[in-house]
Protein chains: 2
Amino acid sequence: MQKDNNISDLQLAVMRVLWRRGEAAVAEVHGDLEPERGLAPTTIATILSRLERRGLVRHSSRGRQYLYAPVISEQEIRRSMVAALTSRLFNGDATALVSHLLESRDIAPGDLEKVRQLLSESHETETDHADS
Amino acid sequence: MQKDNNISDLQLAVMRVLWRRGEAAVAEVHGDLEPERGLAPTTIATILSRLERRGLVRHSSRGRQYLYAPVISEQEIRRSMVAALTSRLFNGDATALVSHLLESRDIAPGDLEKVRQLLSESHETETDHADS
DNA sequence: TATGTAGTATTACGTCTGTAGTTGAAACCG
DNA sequence: CGGTTTCAACTACAGACGTAATACTACATA
């Protein structure tokens, strides 16, 4: 059972900047998010500190500034957050989640073909079951 | 854009009791959750009040007791929570979520067949596209 | 009627998050 | 060298949540 990497919307937005840039100073993160979020730079700094406290990012120094870099990948965040939701809402049954997506029409009928496509691709890798 | 019905784990557990029983007094909810959670009755009462404040449950009176009943269905909660996650993690693209499930092997290879099954069922309803 | 009892209402406290002001130190500029 | 700018660190505060103790109220019962 891995850590609880569930993060909030804002935190996710910040992480996304780091994932995109590799590493970034507070001012850069702020610059990227300012247009859509309009937050104070100190707010961003606070978020970054908290993320660091939680071990999701780390920092190094460049002159006076801190350069923050992600410690966890977007893949991993997705995994743990999707897993958490699946576990909580569908008792851990991912197929139930898919079923829900289909029933609730979150997946538009037009996208069914796309899903079917994914399915068959996934099928290929099934043969090399490297059951890690 | 509907309300933000994102609820916590405990709140969800309480809701589940209400969904199962239709309506229930604090003591009943507590009784159901006590074994696994071991919480004080007042804690359950607090949770229920807060859920009521958020409009997710309502109550009527039976003698001295309050009978709480869900105002929102499990379907709806699932919808909004899954939608929130999809929006946040996959930019609202539900097929990307499915893709993630397949890639991350959250869906075991053995379950692929089940998913394919779901797909074809869903396909049937596709013909009566009542595009609501 | 006085009292126990059951059950709701109020209050409380620590933690997390969003959001930011304030402070202090270093660096740069004139 | 002294003022100004730039950062990070610290402090703050409200709202949500987990968790519950305590207070209040009304019914039942001796």
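Hydrogens, waters and symmetry mates play no part in the numbers below; they use all other heavy atoms, side chains included. Protein chains get the first letters and strands the later ones, always in sequence-line order, with residue 1 at the start of each.
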How far does the helix from C:dT1-D:dA30 to C:dG30-D:dC1 bend, going by the axes of its first and last five pairs, to the nearest 10°?
30°

Sequence neighbours left out, what pairs pass ring-ring contact (aromatic ring centres under 6.0 Å, His included) with at least one residue falling in residues 21-51 of chain B?
none

Residue pairs fulfilling salt bridge (charged side-chain N to carboxylate O under 4.0 Å, His left out) with at least one residue in residues 85-104 of chain B, sequence neighbours excluded
A:D9-B:R88

Are [X] and [Y] packed together at the side-chain level, in the sense that at least one heavy-atom pair is separated by less than 4.5 angstrom?
X	Y	value
A:V71	A:L56	no
A:I72	A:M15	yes
A:L102	A:L112	yes
A:E34	A:L39	no
A:H59	A:E23	no
B:F90	A:V82	yes

What heavy-atom pair brings A:I107 and B:A94 nearest, and what distance separates the two atoms?
CG1-CB, 3.6 Å

Looking only at non-hydrogen atoms, find the nearest pair between B:K114 and A:T95 and report the distance.
CD-OG1, 3.6 Å

Side chains of A:S49 and A:E52 only: does a donor on one sit below 3.5 Å from an acceptor on the other?
no

Nearest whole angstrom, please: distance from the P of C:dT10 to the CD of B:E52.
13 Å

Send over the distance from A:L48 CG to D:dC7 P, rounded to a whole Å.
14 Å

With sugar-phosphate taken as primed atoms, P, OP1 and OP2 and all else as base, the protein-contact string of nucleotides 12-24 of chain C at under 4.0 Å (heavy atoms; B, S, -) is B----BBBBBB--

Contacting residues from residues 22-31 of chain A, given that a heavy atom lies under 4.0 angstrom of DNA chain C
none

Scan residues 58-70 of chain A against DNA chain C and write down, sorted by residue number, each residue with any heavy atom closer than 4.0 Å; if none is found, say none.
A:R64

Kindly compute the distance separating CG (B:L85) from CG (A:L85), expressed to the nearest 0.5 Å.
5.0 Å

Are B:D32 and B:R16 close enough, and set up right, to give a salt bridge (charged side-chain N to carboxylate O under 4.0 Å, His left out), and what steps lead you there?
CA-CA 10 Å; B:D32 282 13; B:R16 253 195 275 272; over 6 Å; no

